[in-house]
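So the structure is just underneath, and the comments pick up after that.
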Amino acid sequence: MRLRFIASSILMTTLMFTSAGLVGQVPQKPLHLEHAVQDKNFYLLSAIEDNSRVSAALLADKDLQEIAPERTEYLNLALRSCKGDAVCTMRSFLWTEEEIRIVSFALERLYRDSPALQEMVDQELRPSGTYILYQNKGGAELLSASWEICARGMNNVIAVYGQGAAPRYPLIDSISFDVNSQEFRQKITALAQQPAAESPNSELFFASSLKAALELLAMNRRDEAGREEPMETGGNAAAIKALPGVAWKKYPYSVIVVPGAGPSDPDTALSEAGRARTKLAAEAYHAGKAPFVLVSGGYVHPSQTRFAEALEMKKALLADYGVPASAILIDPHARHTTTNLRDAVREIYRYEIPMNKPVIVISDKRQIDGIASQAFRYRCLKEMGYLPYKITDHPSDTSVVFLPKIESLQQDPLDPLDP
């Protein structure tokens with residue numbers, strides 16, 4: 001059964017280029033998000049859908065057009081034979097490795113023949129930075145590599161939220177239903193009947209799987225990736241407005257990053273550990289260590305909590321510790337310490353904060369020791385395929401200093417709640 005799709009070989013690939021060589025290739029501006037959950041997970045597929053010339057070229061391609069009817073036929077067979085079984089029915093939406101490779105070959109061929117596709121890749125996809133790990137590849141290879149991570153991302157969402165496979169972190173990221181319940185079986189049957197009733201000849205080859213993945217996320221109330229977006233006009237607006245006036249040379253660090261600490265009680269908004277970290281960060285801010293505090297943590301603990309760690313820490317900074325809104329950046333999406341650092345780097349880059357200026361992380365001793373450890377380096381490489389940081393100093397038990405790395409811009413749909 002095709003339930004697990006963790007592309008460990010890709011994630012462990014050794015990078016053959018440096019952050020310094022990539023800075024400047026990607027404009028330092030926030031991504032424009034029309035549909036945040038889709039765009040943050042599957043930027044390539046959104047770009048294709050939004051480009052009528054590229055969509056027309058893909059719909060006209062014989063090899064790609066053979067895929068949609070075959071997949072529709074397989075789906076119709078599943079609806080007849082699976083008798084409502086969710087795991088069986090959702091299998092028809094999954095991409096086999098052979099199918100993924102067939103599409104890759106077709107996209108590479110099309111890239112060489114289609115000016116529209118070349119333009120999309122070279123003027124939109126590459127400058128977006130969303131697939132920056134492939135930035136040094138040629139256009140055709142960048143396109144196929146981006147497709148492959150999207151396909152495996154769709155597979156992962158369908159396996160976890162449609163078939164009940166275990167995600168990377170089961171305690172906080174698992175499916176919201178019993179896959180054998182009558183309610184879920186009915187929902188899955190209704191979901192599968194939608195593409196089966198549509199004409200496959202008018203659909204892009206990936207459309208049915210993409211729709212299924214997005215509907216499964218919504219069905220499971222797993223829209224965390226899109227919450228609080230766009231941050232530039234919401235929670236981060238005041239800080240972004242203050243950015244142009246910052247005299248960076250006055251500060252030893254660009255940003256104070258504070259990772260959240262989720263409570264175990266669903267009715268507790270901010271844990272004691274989270275408040276203690278927030279207090280330390282406020283003290284560093286008032287001591288002039290950096291012009292901004294970046295609070296980082298999403299809707300994580302306990303699973304399906306209504307509180308975002310970053311938002312609760314921001315409230316405490318404003319109400320209890322005298323830090324103004326113009327000095328607070330939020331990252332309400334990170335779900336792990338690895339992504340606390342990665343997401344901080346993304347904001348630093350997108351908001352035009354100097355990438356060559358050190359960043360200080362403030363937390364409790366246990367977490368700081370963890371971040372400074374070799375085990376944490378291995379975890380980053382295993383889960384993300386790169387290090388989002390380069391540690392330069394460990395000045396105290398409650399702080400560590402790093403330089404940000406631009407590889408952090410890479411989308412990771414294998415972690416769909418914070419890709």
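Residue numbers run from 1 in the order of the sequence given. No experiment lies behind these values; they were computed from the predicted model shown.
- Side chain of N236 to main chain of M231: no donor-acceptor pair is present (N/O by atom type, distance under 3.5 Å, no hydrogens or angles).
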Do S52 and S55 pass the side-chain hydrogen bond (donor to acceptor under 3.5 Å, both in side chains) test, and can you show the C-alpha distance, the side-chain angles, and the key distance before you say yes or no? CA-CA 5 Å; S52 59; S55 295; over 6 Å; no
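- Between W147 and F205, a ring centre-to-centre spacing shorter than 6.0 Å is recorded.
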For E203 and K211, run salt bridge (Lys or Arg N to Asp or Glu O under 4.0 Å): C-alpha distance rounded to whole Å, both residues' side-chain angles, the deciding distance at 0.1 Å, then the answer. CA-CA 11 Å; E203 290 273 300; K211 289 177 182 177; 3.4 Å; yes
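- Using a 4.0 Å cut-off between charged side-chain N and carboxylate O, D415 and R335 make no salt bridge.
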Trace of the side-chain hydrogen bond (donor to acceptor under 3.5 Å, both in side chains) decision for R71 with S209: CA-CA 10 Å; R71 293 177 68 80; S209 293; 2.8 Å; yes
Could you go through S176 and Q304, starting from their C-alpha distance and side-chain angles, then the distance that decides it, and tell me whether this counts as side chain to side chain contact (heavy atoms under 4.5 Å, CB included)? CA-CA 9 Å; S176 303; Q304 299 280 11; 2.9 Å; yes
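- Judged purely by atom type and a 3.5 angstrom limit, E312 has no side-chain atom pairing as donor or acceptor with the backbone of L270.
- R126 and V26 make their closest contact through O-CG2, 4.2 Å (heavy atoms, listed as atom of the first residue, atom of the second, distance).
- Contact check for R185 versus V179: no side-chain heavy atoms found under the 4.5 Å cut-off.
- E383 approaches T338 most closely through the heavy-atom pair OE1-OG1, 4.0 Å.
- Inter-residue side-chain proximity for K357 and M355 is flagged as unmet; no heavy-atom pair is nearer than 4.5 Å.
- Although no hydrogens or angles enter the test, the distance criterion places a donor-acceptor pair under 3.5 Å between the side chain of N220 and the main chain of Y161.
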Stepwise, does the side chain to side chain contact (heavy atoms under 4.5 Å, CB included) test hold for F184 with D178? CA-CA 7 Å; F184 190 64; D178 174 357; over 6 Å; no
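- The minimum heavy-atom distance linking F376 with G370 is given by the pair CB-O, 3.0 Å.
- Inter-residue side-chain proximity for S303 and Y169 is flagged as unmet; no heavy-atom pair is nearer than 4.5 Å.
- In this structure, the ring of F206 has its center no less than 6.0 angstrom from the ring center of F93.
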What's the verdict on side-chain hydrogen bond (donor to acceptor under 3.5 Å, both in side chains) for Y43 and Q38, showing C-alpha distance, side-chain angles and the deciding distance? CA-CA 7 Å; Y43 190 83; Q38 175 176 330; over 6 Å; no
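- In this structure, E407 contributes its side chain and Y386 its backbone to no donor-acceptor pair below 3.5 Å.
- In this structure, a donor-acceptor pair under 3.5 Å is absent between the side chains of Y351 and Q28.
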Let me see the working for K279 and E283 under salt bridge (Lys or Arg N to Asp or Glu O under 4.0 Å), right down to the final yes or no. CA-CA 6 Å; K279 183 175 183 290; E283 291 170 355; 2.8 Å; yes
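- With hydrogens and angles disregarded, no donor-acceptor distance shorter than 3.5 Å links the side chain of R152 to the backbone of L414.
- Between the CD1 atom in I348 and the CG atom in L329 there is a gap of 9.0 Å [rounded to 0.5 Å].
- Contact between V258 and A281 at its shortest, heavy atoms only, is CG2-CB, 3.2 Å.
- Using a 4.5 Å cut-off on side-chain heavy atoms (C-beta onward), W248 and P291 make contact.
- In this structure, T268 contributes its side chain and S271 its backbone to no donor-acceptor pair below 3.5 Å.
- Residues D397 and I368 fail the side-chain proximity criterion, which asks for heavy atoms closer than 4.5 Å.
- Summarising the geometry of L387 relative to C380, their closest heavy-atom pair is CD2-CB, 3.8 Å, with the distance given to 0.1 Å.
- You'll find the side chain of R277 reaches within 4.5 Å of the side chain of P259, heavy atoms only.
- Relative to the six-membered ring of Y299, R306 misses at least one condition, a distance below 6.0 Å or an angle of at most 45° to the axis.
- Counted within 6.0 Å of NZ on K289, heavy atoms from surrounding residues, nucleotides or ligands total 12 or fewer; the atom is thus considered open.
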Using the rule given for side chain to side chain contact (heavy atoms under 4.5 Å, CB included), can you reason through M154 versus L45, listing the C-alpha separation, both sets of side-chain angles and the distance that settles it, and then say yes or no? CA-CA 11 Å; M154 289 187 289; L45 307 187; 3.9 Å; yes
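- Between E66 and K62, at least one side-chain N (NZ, or NE/NH1/NH2) sits under 4.0 Å from a carboxylate O, which counts as a salt bridge.
- Here the side chain of N155 pairs a donor or acceptor atom with the backbone of W95 at under 3.5 angstrom.
- The pair R275-D320 counts as a salt bridge, with a side-chain nitrogen and a carboxylate oxygen less than 4.0 angstrom apart.
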Does Q118 form a side-chain hydrogen bond (donor to acceptor under 3.5 Å, both in side chains) with Q123? I'd like the steps, not just the answer. CA-CA 8 Å; Q118 293 170 12; Q123 297 183 23; over 6 Å; no
Can E229 and R227 be said to form a salt bridge (Lys or Arg N to Asp or Glu O under 4.0 Å), step by step? CA-CA 5 Å; E229 294 287 6; R227 296 178 192 174; over 6 Å; no
Name each donor-acceptor pair under 3.5 Å that joins a side chain in residues 104-112 to protein atoms two or more places apart or in another chain, with its distance.
residue, atom, partner, partner atom, Å
S104, OG, I100, O, 3.1
S104, OG, E148, OE2, 2.7
E108, OE2, S144, OG, 2.7
R109, NH1, D61, OD1, 2.9
R109, NH2, D61, OD1, 3.0
R109, NH2, D61, OD2, 3.2
R109, NH2, D63, OD2, 3.1
Y111, OH, D122, OD1, 3.2
Y111, OH, D122, OD2, 2.9

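- Residues Y134 and L143 fail the side-chain proximity criterion, which asks for heavy atoms closer than 4.5 Å.
- Proximity of Y253 to V401: side-chain heavy atoms (C-beta onward) are separated by under 4.5 Å at one or more points.
- Separation of atoms CD (Q135) and CD (Q410) is listed at 9.5 Å; rounding is to 0.5 Å.
- No donor-acceptor pair under 3.5 Å is formed between the side chain of D223 and the backbone N or O of G226.
- In this structure, the separation between CD1 on I353 and CG on N356 is 12.5 Å, given to the nearest 0.5 Å.
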Could you give me the CA-CA distance, side-chain angles and deciding distance for V295 and L317, then say whether side chain to side chain contact (heavy atoms under 4.5 Å, CB included) is met? CA-CA 10 Å; V295 286; L317 287 172; 3.7 Å; yes
D418 and R342: salt bridge (Lys or Arg N to Asp or Glu O under 4.0 Å), yes or no, with the steps? CA-CA 11 Å; D418 180 30; R342 182 203 67 186; 3.0 Å; yes
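- Distance alone, capped at 3.5 Å, places no donor-acceptor pair between the E309 side chain and the G297 backbone.
- No hydrogens or angles considered: a donor-acceptor pair under 3.5 Å links the side chains of T337 and Q367.
- Side chain of D39 to main chain of E34: a donor-acceptor pair is present (N/O by atom type, distance under 3.5 Å, no hydrogens or angles).
- F42 approaches Q411 most closely through the heavy-atom pair N-OE1, 3.7 Å.
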